[in-house]
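I have placed the structure first, in the form of structure tokens, so that the comments after it can refer back to it.
Lettering of chains follows the sequences in order, A, B, ..., and the numbering in each one begins at 1. These values consider heavy atoms only, across backbone and side chains, with no hydrogens, waters or symmetry-generated copies.
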There are 2 protein chains.
Amino acid sequence: MISLKQLHYALAVEKTLHFKKAADACHVSQSALSTAIIELEKQLGSTIFERNNKQVLITSNGQLILNKAKIVKRELDELVQLSQSNKQAFINPMTIGVIPTIGPYLLPKVLPEVRQQHPNFKLKIIEEQSHVLVDMVRTGDIDAAILALPFPIDGLMSFDFWQEDFYWVSHKDECPSQLKEITSEELEIDKLMLLKDGHCLKDHALAACSMRNDKQDTDFDSASLHTLIQMVAGKLGTTLVPQMALDQLIYDESEIRAIHLNEPGPHRTIALIIRPNYVRTNELTQLRDIFNQQLTKKCC
Amino acid sequence: MISLKQLHYALAVEKTLHFKKAADACHVSQSALSTAIIELEKQLGSTIFERNNKQVLITSNGQLILNKAKIVKRELDELVQLSQSNKQAFINPMTIGVIPTIGPYLLPKVLPEVRQQHPNFKLKIIEEQSHVLVDMVRTGDIDAAILALPFPIDGLMSFDFWQEDFYWVSHKDECPSQLKEITSEELEIDKLMLLKDGHCLKDHALAACSMRNDKQDTDFDSASLHTLIQMVAGKLGTTLVPQMALDQLIYDESEIRAIHLNEPGPHRTIALIIRPNYVRTNELTQLRDIFNQQLTKKCC
DNA sequence: AGACGTTGATAACGGAGATTTATGATTTCA
DNA sequence: TGAAATCATAAATCTCCGTTATCAACGTCT
């Protein structure tokens, strides 16, 4: 029977590519580790490491085995977490990834409430683009990610908690004062400025207007919504922003106006993304409820 | 350190709800199993089983732990498979699920070639509806499933290998003889007969026609395409069938005709569904290639 | 009620397997 | 050529897991 110890040792060797160092890392003798690896390879019927006195290499097959071993280890870690986490929720720290077009607008609305309800809960936030976060969720680097859907999340699960539309943002001088709604047909495409490629917000905005992302509107691709708004204020063009960002980007006294984009919606769905089999769903659904509650309170 | 043995024992207790029987099933003494369980619970810091001399109950928390233990066990099983499977593909048996509206049409086209290329490969096929197969893939009961997409497969992965359109099938007496294409607008909805609810083919057919599945077209809901075709032959109405079924359902000399449904497509995508982390992807992609090859050869 | 069988827990003992220390075979490098 | 470093191997040791035997608590049957 293959043991976890063997897998543990093998993973240490993968890291160090060195039996002695791996043995030290595992706090056992080089001999013990060596025999354990040999026994593992014997039980599996295939070599994981090609080794001589000079260097240690990983077999292609061995790499697959090691990858799987990581998964086994991660699942077992989660099993241990499970017993603690379910007895005492919001004790263990948690890391959640969030994309740049959600983080700055969602977190100020919801984190105070999270902090109030769970004062000792250590919630770490990282900000990356969607595809990076999806990878990190897959590998277990982070517990969950907050993304805007639709986005390809093959093999992952989503908890939706918010849906919203886009608003067309323009300088008041360039906007008919009585206008309450606008359709994509009425948009002047030439003046529309969006985030640079890689930000899913751009794709969702274009999708809401039933447009493709094939034309190269290079000149004004920006890296943040704040910058875009500044450019609108400078009469350089117009843009589309999601509902949750409105209150931070646009003040009553400002020169710019936001008009609801009247296209079939919702234009984007905000969701928590997790691996299937992830264990701290109890805490995550509670977080989702807080998020939804606060958004409903502050966005509408 | 938690050991696999402990998890194995715990799962045996879950099955039998009886320490002695579980011990027998594991081929160890009741004592050994008992101490192992006690030690496991101690290491986890929470009880899995509430037990007295009369009965054994599973804690709610314990159930979560046991579910996770099953996952750990499955992943480890796959790790073992990995080393064999990659050295010698198509040696270990494999079970694939397929839905009723694909199996009878796809398998005759592809299985002979699979058999020819891999004479000793034991491929077991089961036939169920999509949602059943999705569950079985999730739990690891089957290696993979062949479904028609779109279908909700949260947390699973898909390998597409075929896309096809629907054809409108009618009795030649009820079909203009020169008609080469037909749109959903031109279909006489009243005469259209589809499979009964639960078959995804019905949903895909309706989606291809941009129709909802809310009306109760009860009278003629059938359980198989063959039956539907028989009903068309009896002039009871018309139906929609996917491309891959045409050659089996319709003969040159028959009284019925098939006309391509001219709506934006593809109308359904055939894909292999697996769990993320599933290990025999090498063999599956080879199978997919065979499927695609044979379909291209025989469907076009 | 009392004998008996059943339940899971516990104690003492024994052995298989893992670990350690010591050593070997081979290569690298000075 | 010799010292240092590599992973493998051998023998001694020890830890841990299994067994048997027993216990306490509960049910059942006469």
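Using a 4.5 Å heavy-atom cutoff, the side chains of B/Ile153 and A/Asp154 are not in contact. Two residues are said to be in side-chain contact when any heavy atoms from C-beta on lie closer than 4.5 Å; A/Ile126 and A/Met136 meet this criterion.
Between A/Asp24 atom CG and D/dC7 atom C1' the separation is 14 Å, expressed in whole Å. Computed from coordinates, the B/Gln6 CD to D/dC17 P distance equals 7 Å when rounded to whole Å. Distance, A/Lys42 NZ to C/dG17 C1': 12 Å, rounded to whole Å. As rounded to whole Å, 13 Å separates atom P of C/dA18 from atom CD1 of A/Ile2. Spacing between atom CD of A/Glu39 and atom P of C/dA16 amounts to 16 Å, rounded to whole angstrom units. If you measure from atom CG of A/Leu40 to atom C1' of D/dA8, you get 16 Å, rounded to the nearest angstrom.
Of the possible polar contacts, one joining the B/His18 side chain to the B/Lys20 backbone as a donor-acceptor pair under 3.5 Å is found. With hydrogens and angles ignored, the 3.5 Å screen pairs a side-chain donor or acceptor of B/Asp143 with a backbone N or O of B/Thr95. With hydrogens and angles disregarded, a donor-acceptor distance shorter than 3.5 Å links the side chain of B/Arg51 to the backbone of B/Phe49.
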Atom pairs under 3.5 Å: protein N/O with N/O of nucleotides 7-12 of chain C:
unit_1: C/dT7; atom_1: OP1; unit_2: B/His18; atom_2: NE2; d: 2.4
unit_1: C/dT7; atom_1: O4'; unit_2: B/Asn53; atom_2: O; d: 3.3
unit_1: C/dT7; atom_1: O2; unit_2: B/Asn53; atom_2: OD1; d: 3.4
unit_1: C/dG8; atom_1: OP1; unit_2: B/Phe19; atom_2: N; d: 2.9
unit_1: C/dA9; atom_1: OP1; unit_2: B/Arg51; atom_2: NE; d: 2.6
unit_1: C/dA9; atom_1: OP1; unit_2: B/Arg51; atom_2: NH2; d: 3.2
unit_1: C/dA9; atom_1: OP2; unit_2: B/Ser34; atom_2: OG; d: 2.4
unit_1: C/dA9; atom_1: N7; unit_2: B/Gln30; atom_2: NE2; d: 3.0
unit_1: C/dA9; atom_1: N6; unit_2: B/Gln30; atom_2: OE1; d: 3.1
unit_1: C/dT10; atom_1: O4; unit_2: B/Ser31; atom_2: OG; d: 2.9
unit_1: C/dA11; atom_1: N6; unit_2: B/Ser31; atom_2: OG; d: 3.3

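Taking side-chain N and O atoms only, A/Lys5 has a distance below 4.0 Å to OP1 or OP2 of C/dT19. Applying the 4.0 Å criterion to OP1 and OP2 of C/dA18, one finds that A/Tyr9 has every side-chain N and O outside that range.
Counting non-hydrogen atoms of other residues, nucleotides and ligands closer than 6.0 Å to NZ of A/Lys21 gives a total of 12 or fewer.
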_Audit row: B/Arg275, B/Glu75, salt bridge (Lys or Arg N to Asp or Glu O under 4.0 Å) steps and yes/no_ = CA-CA 11 Å; B/Arg275 280 182 304 108; B/Glu75 296 293 333; 3.4 Å; yes
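Listed by first and then second residue, the side-chain hydrogen bond (donor to acceptor under 3.5 Å, both in side chains) pairs involving residues 118-127 of chain A amount to none (not counting sequence neighbours).
Note on the helix from C/dA1-D/dT30 to C/dA30-D/dT1: angle between the axes of the first and last five pairs equals 10°, rounded to 10 degrees.
For the residue pair B/Gln6 / B/Gln43, a side-chain donor-acceptor distance below 3.5 Å is found, with atom types taken as modelled.
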